[in-house]
**Student:** 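Questions regarding the structure given below will be posed in turn.
Here is the naming used below: chain letters follow the sequence lines, and residue numbers restart at 1 for every chain.
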Number of protein chains: 2
Amino acid sequence: MIDRIDCSILKLLARNARLSLKELAAGISLSAPSTTERLRRLEERGTIRAYTIDVEPKQLGYAIQALVRVRPLPGRVQIVQKLIESTPEIVECDKVTGDDCFVARLFVRSMEHLDEVLESLAAEAATSSSIVKRQVIARRQPPMAPI
Amino acid sequence: MIDRIDCSILKLLARNARLSLKELAAGISLSAPSTTERLRRLEERGTIRAYTIDVEPKQLGYAIQALVRVRPLPGRVQIVQKLIESTPEIVECDKVTGDDCFVARLFVRSMEHLDEVLESLAAEAATSSSIVKRQVIARRQPPMAPI
DNA sequence: GCGTTTGGCCTAAGATAATTAGGTTTCTTG
DNA sequence: CAAGAAACCTAATTATCTTAGGCCAAACGC
């Protein structure tokens, strides 16, 4: 499904998604039109879901990052999910196996702000929060190999 | 530190980091050269940490995504951190407050593969794994407002 | 086994976009 | 209030991207 060349494209774009077509083409030793066509197919097949940026949260005023495990009260799963979705401070949330139904990552300006967000969930769910002390591994790509 | 225009730039690029300079300039109603200069400063100040892509893990052969809480055995924190860093299946890891010293996200091809990765940690740490059943919120940006 | 089709690549030209240079306006500051 | 700096602009040059058309090799049908 994904050959060696597609793999190189993904690696190059993961490192810098704003690479010009020319640079990208040079990186994979193909012509510009062929590279365009490869890119188009990667997008079409959904391999590349999005081109995006990684923003420094502190520069946006978010001093604190936390991981929160959320256990909805019986019968409140749907409500809690809606609540989570509509909480803009939550930047990522997974529904997982186990007692902790949801695991969310959130960005807040202060401890007070964290408390505020958690309070908004308190009526519908039990939460356990962990403050991020350090990012040991910033979001990276898993090993990419031709399939 | 970040004005209304920078904010718009960040929002536009978060949605599509490959927007051409011309499109970006049109989006914020500035000329192309001014837009270039704004971008340059956002990069220089570290507000934009990286331009990257969001890849569909399934298309790379990763059928399963898991969140793992890792509690190193006494005195083994450093060793475990090294181990985590050198595990390519781990795509993200945070050092957090609380008993669970690390929280990692990993991509694996199968349950056997998951077991394999966890086994490699077993000698140095206790782990609790949760399989991701559904991404309720895919990585998004927190609210952006001028600061 | 051979002609045909398809997929993927190429080059080259025309169209589009990015950069550079130089000037204008506006805000800040001595 | 004048000087300087910061941020913007336009226009011309330079570079890049897209389009069109053709080549080649592997897969396919007869």
Side-chain angles (χ1 to χ4, degrees), chain A residues 1-62 141-147, chain B residues 1-63 109 141-147:
Chain A
M1 200 100 183
I2 285 185
D3 67 8
R4 193 183 49 77
I5 298 176
D6 286 338
C7 220
S8 305
I9 292 178
L10 295 176
K11 283 177 190 166
L12 287 166
L13 289 178
R15 192 145 19 107
N16 180 9
R18 273 187 84 76
L19 232 43
S20 74
L21 199 63
K22 199 191 177 199
E23 291 167 313
L24 192 56
I28 59 174
S29 302
L30 281 189
S31 69
S34 299
T35 306
T36 305
E37 180 57 19
R38 289 258 183 185
L39 258 191
R40 198 194 56 71
R41 279 193 326 245
L42 284 169
E43 291 166 11
E44 189 184 57
R45 288 186 309 198
T47 307
I48 296 178
R49 285 195 294 212
Y51 301 95
T52 188
I53 52 174
D54 181 12
V55 178
E56 169 64 57
K58 284 185 185 128
Q59 299 239 358
L60 297 176
Y62 297 101
Q141 304 293 328
M144 289 191 212
I147 295 182
Chain B
M1 199 101 183
I2 285 184
D3 67 10
R4 193 182 50 76
I5 297 176
D6 287 337
C7 219
S8 305
I9 292 177
L10 295 177
K11 283 177 190 167
L12 287 166
L13 289 178
R15 191 147 16 110
N16 179 9
R18 275 186 83 75
L19 233 43
S20 72
L21 201 62
K22 199 191 174 198
E23 291 167 313
L24 193 56
I28 59 173
S29 304
L30 280 189
S31 69
S34 299
T35 307
T36 306
E37 180 57 18
R38 288 259 182 185
L39 258 191
R40 198 193 57 70
R41 277 191 328 240
L42 285 169
E43 292 166 10
E44 190 185 57
R45 287 186 307 196
T47 307
I48 296 179
R49 284 195 295 212
Y51 301 97
T52 188
I53 52 175
D54 181 11
V55 177
E56 169 64 60
K58 284 185 185 127
Q59 299 240 358
L60 297 175
Y62 297 100
R109 301 183 184 280
Q141 304 293 328
M144 288 191 214
I147 296 181

**Student:** Measure the distance from CG on B:Asp6 to P on D:dA6 and round it to the nearest whole Å.
**Tutor:** 16 Å

**Student:** Could you walk me through whether A:Leu30 and A:Leu24 pass side chain to side chain contact (heavy atoms under 4.5 Å, CB included), step by step?
**Tutor:** CA-CA 9 Å; A:Leu30 281 189; A:Leu24 192 56; over 6 Å; no

**Student:** Return yes if a side-chain donor-acceptor contact under 3.5 Å exists between B:Ser34 and B:Glu37, otherwise no.
**Tutor:** no

**Student:** Are A:Lys11 and A:Asp6 within salt-bridge range, i.e. N to O under 4.0 Å?
**Tutor:** no

**Student:** Between CG of B:Leu13 and CD of B:Gln141, what distance do you get to the nearest 0.5 Å?
**Tutor:** 10.0 Å

**Student:** Hey, are A:Glu43 and A:Tyr51 close enough side-chain-wise for a donor-acceptor pair under 3.5 Å?
**Tutor:** yes

**Student:** Any side-chain to backbone donor/acceptor pair from B:Arg49 onto A:Pro57? Under 3.5 Å, distance only.
**Tutor:** no

**Student:** For DNA chain C, determine which residues of residues 9-31 of chain A have any heavy atom closer than 4.0 angstrom to one of its atoms, and list them numerically.
**Tutor:** A:Leu30, A:Ser31

**Student:** Determine whether a donor-acceptor pair (N or O, by modelled atom type, separation under 3.5 Å) exists between the side chain of B:Gln59 and the backbone of B:Glu56.
**Tutor:** no

**Student:** State, to 0.1 Å, how close B:Ile53 and B:Val55 come at their nearest heavy-atom pair, and which atoms those are.
**Tutor:** CD1-CG2, 3.6 Å

**Student:** Which residues, if any, of residues 35-48 of chain A bring a heavy atom under 4.0 Å of DNA chain C?
**Tutor:** A:Arg38, A:Arg41

